[in-house]
Number of protein chains: 2
Amino acid sequence: MRLTPKNELEYRFRMLQREMAATGLDACLLVQNADLFYFTGTVQSGILYVPAAGDPVYLVRRDYLRARMECGLAQVIPFSSPKDLPPLVAGLGHPLPSRIGLELDVLPVLLYQKFQALYPNAVFADATPCVRRVRMVKSHEEIHIMQDAAMQADKVYRRAKEYIREGMAEVELAAELERVSRVEGHQGYIRMRAFNGEVGMGQVLCGPDSAAPAFTNTPLGGMGLTPAFGHGAGYNRIARNEPVVVDLGSCFDGYLVDQTRIFSVGPLSDRLRKAYGDMLKIQERMMVLAEERPSWGEIYRECLSLAVSLGYGDHFMGTAGSQVSFIGHGVGIEIDEYPFIAKGFDHERLEPGMAFAFEPKVVFPGEGAVGIENTFYLTESGLKRLTFSSDELVVL
Amino acid sequence: MRLTPKNELEYRFRMLQREMAATGLDACLLVQNADLFYFTGTVQSGILYVPAAGDPVYLVRRDYLRARMECGLAQVIPFSSPKDLPPLVAGLGHPLPSRIGLELDVLPVLLYQKFQALYPNAVFADATPCVRRVRMVKSHEEIHIMQDAAMQADKVYRRAKEYIREGMAEVELAAELERVSRVEGHQGYIRMRAFNGEVGMGQVLCGPDSAAPAFTNTPLGGMGLTPAFGHGAGYNRIARNEPVVVDLGSCFDGYLVDQTRIFSVGPLSDRLRKAYGDMLKIQERMMVLAEERPSWGEIYRECLSLAVSLGYGDHFMGTAGSQVSFIGHGVGIEIDEYPFIAKGFDHERLEPGMAFAFEPKVVFPGEGAVGIENTFYLTESGLKRLTFSSDELVVL
């Protein structure tokens with residue numbers, strides 16, 4: 001069992017305290033699973049109180065003994081009701097907070113109202129931008145875990161090469177690749193921060209239906225098995241000479257990487273092969289750009305403009321009318337972390353330690369979609385790849 | 001592709017309007033995926049406006065064409081910004097609402113604040129109890145879909161009988177059973193309404209570790225693969241003469257059933273076999289009680305008191321100190337619907353149409369856990385079982 005080292009946890013909450021100071025927060029109350037894992041090293045039913053100065057306090061309802069076993073923080077305290085929080089924290093010598101940060105992008109209103117009642121005179125603000133900024137810069141420890149996730153992604157890719165057959169339903173292929181992921185350590189669940197972000201383990205799509213848009217904020221959608229869950233793998237069967245898109249989030253010890261590869265039974269048309277090569281060119285362009293540490297929005301604009309100049313303006317990053325306004329997204333504990341390689345992020349620059357997936361994709365209505373996705377991270381000495389499976393189109 | 005019939009949708013929103021009238025709501029704004037699927041027949045990125053009288057309006061941002069194709073409501077309208085909502089709804093002749101219901105148990109605060117800004121003079125209340133009361137009574141259509149999910153559960157059970165071997169890791173077994181579920185139509189994701197309710201596809205546990213409590217509000221926990229996701233299947237290997245718990249949520253066309261069976265390689269000890277038989281007795285007791293349509297809490301109390309009288313007070317429904325305060329839970333589109341067969345629900349009675357999982361389980365620290373779980377529904381002519389796999393302990 002890999003435990004988050006104490007010094008990692010300490011560094012993380014000190015960085016959060018620096019962000020809190022910059023935004024004027026006296027305390028943060030964190031309750032969401034991904035944030036709890038990052039700042040405590042475990043996921044329990046509880047509340048993490050991070051004061052402006054001093055050590056954080058992890059109040060744990062369930063399960064306290066698991067928390068004690070897995071969490072490297074000094075102050076882990078059992079509690080039974082949120083009402084215990086203010087006196088417990090005050091008893092540890094922390095001053096009454098007047099400006100409190102909460103995860104307002106994910107916190108349900110009823111829980112929010114409980115916190116408001118606990119601190120009736122406090123002002124509440126969104127702590128998530130602070131949390132995102134701390135989490136976006138990965139430590140060596142985190143990058144090592146993501147390398148393990150990239151190994152899993154490669155095993156899934158190799159299994160896809162062996163397993164894909166004409167006539168196979170998307171869901172059969174997805175089921176087998178998910179099985180391999182699980183056996184290789186995938187927790188079976190991809191955390192997505194966005195509300196209603198139900199991604200399953202990713203998308204396996206083939207032929208024209210891979211171009212079907214869905215409610216998900218993803219370049220491709222797919223029909224899914226049912227209108228109840230209308231995206232990702234469906235009953236659609238793999239035909240010859242059409243692209244099979246395997247876009248799965250691999251996950252190991254809580255950390256994700258994202259990788260997409262295109263397979264086909266028999267060759268694709270010249271047009272699709274050329275488009276695939278052009279998506280690789282856009283990836284190349286990003287790799288050169290990223291070394292200059294530009295703004296996230298600049299990478300987006302430059303790569304979008306290359307896609308347009310290559311003739312893909314209409315269906316780059318989704319079917320016309322359903323195009324998404326990003327080409328890449330940060331990954332880590334969640335699939336939608338900072339940095340967003342997206343429209344409008346012109347003041348946030350790429351920094352060493354950032355890890356992100358980059359996924360130029362283009363749709364051909366009636367034919368399918370092609371593209372590439374890899375996960376990268378920036379170091380002091382340049383951009384490195386985490387996912388390492390061959391970028392070549394796989395013709396079976 | 002199974003579409004929700006128009007008359008079903010109409011019945012559902014009329015029932016919601018009845019609940020709204022009883023609680024004084026002028027309108028509901030629904031945005032959560034499970035509720036959207038129930039009331040519109042599709043899941044899109046959008047807002048469902050349900051007025052106190054007249055027809056609902058489904059505003060869809062993404063994907064409008066998918067919504068048109070899958071949704072049986074008359075009024076499906078594309079929109080691009082929440083700001084469009086009040087004028088669009090007013091333009092359709094609906095009066096300005098002064099008391100608005102929102103899904104406050106799941107709605108993130110930032111979205112809530114957007115809705116508050118749209119209707120600055122309105123009072124907002126929690127619509128979820130109304131929604132839960134409508135959704136808890138299943139139609140024949142819904143029960144038929146759940147029967148399909150029960151067929152899937154039986155295939156998973158049969159595969160487990162073939163596949164379980166001494167020395168196999170929990171996660172290997174989970175991976176194979178999840179693969180079978182997927183091939184049989186499982187969407188790969190179980191919807192849980194509770195905040196942080198990350199259940200994956202269920203729990204596969206063996207031996208002493210199945211008794212490890214976790215943060216999840218479930219009788220059993222398990223160690224999981226990592227502290228990042230510390231419940232469910234882990235690397236623990238199946239040994240002879242110990243219970244293997246297979247507790248998976250099967251899901252078809254968006255609807256769940258929940259089933260647990262116990263397997264073992266070689267016989268279990270007399271004590272565990274007796275305990276298994278006693279859990280069946282508690283199931284029998286519930287089945288007799290349910291026909292009398294008592295309160296949910298009364299079923300809980302009676303069955304708990306039977307468990308105590310059989311000698312399982314200490315570890316019934318979880319390890320001592322981590323016991324959960326329910327024995328059953330409603331199922332449908334989510335795994336945690338009404339009715340709650342739980343402590344404190346003394347004023348809510350069982351009614352025809354309700355479907356619920358019932359899962360008496362007992363933990364033996366250092367040995368493992370045994371128990372049974374089936375999904376039932378109440379009809380005018382009595383209680384019926386949805387899950388139908390044999391209740392016998394499976395000794396391999």
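Remember, it's a predicted structure, so these values are computed and weren't measured experimentally. Side-chain atoms are counted along with the backbone in the values below, which use heavy atoms only and exclude waters and symmetry mates. Lettering of chains follows the sequences in order, A, B, ..., and the numbering in each one begins at 1.
In this structure the side chain of Glu178(A) never reaches within 4.5 angstrom of the side chain of Arg179(B), judged on heavy atoms. A heavy-atom distance below 4.5 Å is found between the side chains of Leu3(A) and Pro227(B).
Neither the backbone nor the side chain of Arg61(A) comes within less than 4.5 Å of any heavy atom in chain B. Neither the backbone nor the side chain of Phe124(A) comes within less than 4.5 Å of any heavy atom in chain B. For Met201(B), no part lies under 4.5 angstrom from a heavy atom of chain A. Only the side chain of Ala174(B) comes within less than 4.5 Å of a heavy atom in chain A; its backbone stays farther off. When heavy atoms are compared at a cutoff of 4.5 Å, Gln44(B) approaches chain A by way of both its backbone and its side chain. For chain A, the nearby parts of Gln32(B) are the backbone and the side chain; heavy atoms of each come within less than 4.5 Å. Contact annotation for Thr216(B): only backbone heavy atoms (N, CA, C, O) come within less than 4.5 Å of a heavy atom of chain A. Of the atoms belonging to Tyr235(A), it is side-chain heavy atoms, and not backbone ones, that fall under 4.5 Å from chain B. For Leu111(A), the part sitting under 4.5 Å from any heavy atom of chain B is the side chain, from C-beta outward, and nothing else. With a 4.5 angstrom heavy-atom cutoff, Phe37(B) touches chain A only via side-chain atoms. Of the two parts of Gln113(A), only the side chain, counted from C-beta on, holds a non-hydrogen atom closer than 4.5 Å to a non-hydrogen atom of chain B.
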Val31(A) vs Phe195(B), side chain to side chain contact (heavy atoms under 4.5 Å, CB included): CA-CA, chis, key distance, verdict: CA-CA 10 Å; Val31(A) 295; Phe195(B) 180 59; 3.6 Å; yes

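Side chain of Arg62(B) to backbone of Ser322(A): a donor-acceptor contact under 3.5 angstrom is found. With Asp126(A) contributing its side chain and Val109(B) its backbone, the two residues share no donor-acceptor pair below 3.5 Å. A donor-acceptor pair is defined here as one N or O able to donate and one able to accept, closer than 3.5 Å; no such pair exists between the side chain of Arg182(B) and the backbone of Glu172(A). Here the side chain of Arg66(A) pairs a donor or acceptor atom with the backbone of Met223(B) at under 3.5 angstrom.
Atom OH of Tyr112(B) sits about 12.5 Å away from atom CG of Leu104(A), to the nearest 0.5 Å.
For chain A, the option among Val60(B), Val183(B), Leu36(B), Leu107(B) with the highest count of heavy-atom pairs below 4.5 Å is Leu107(B).
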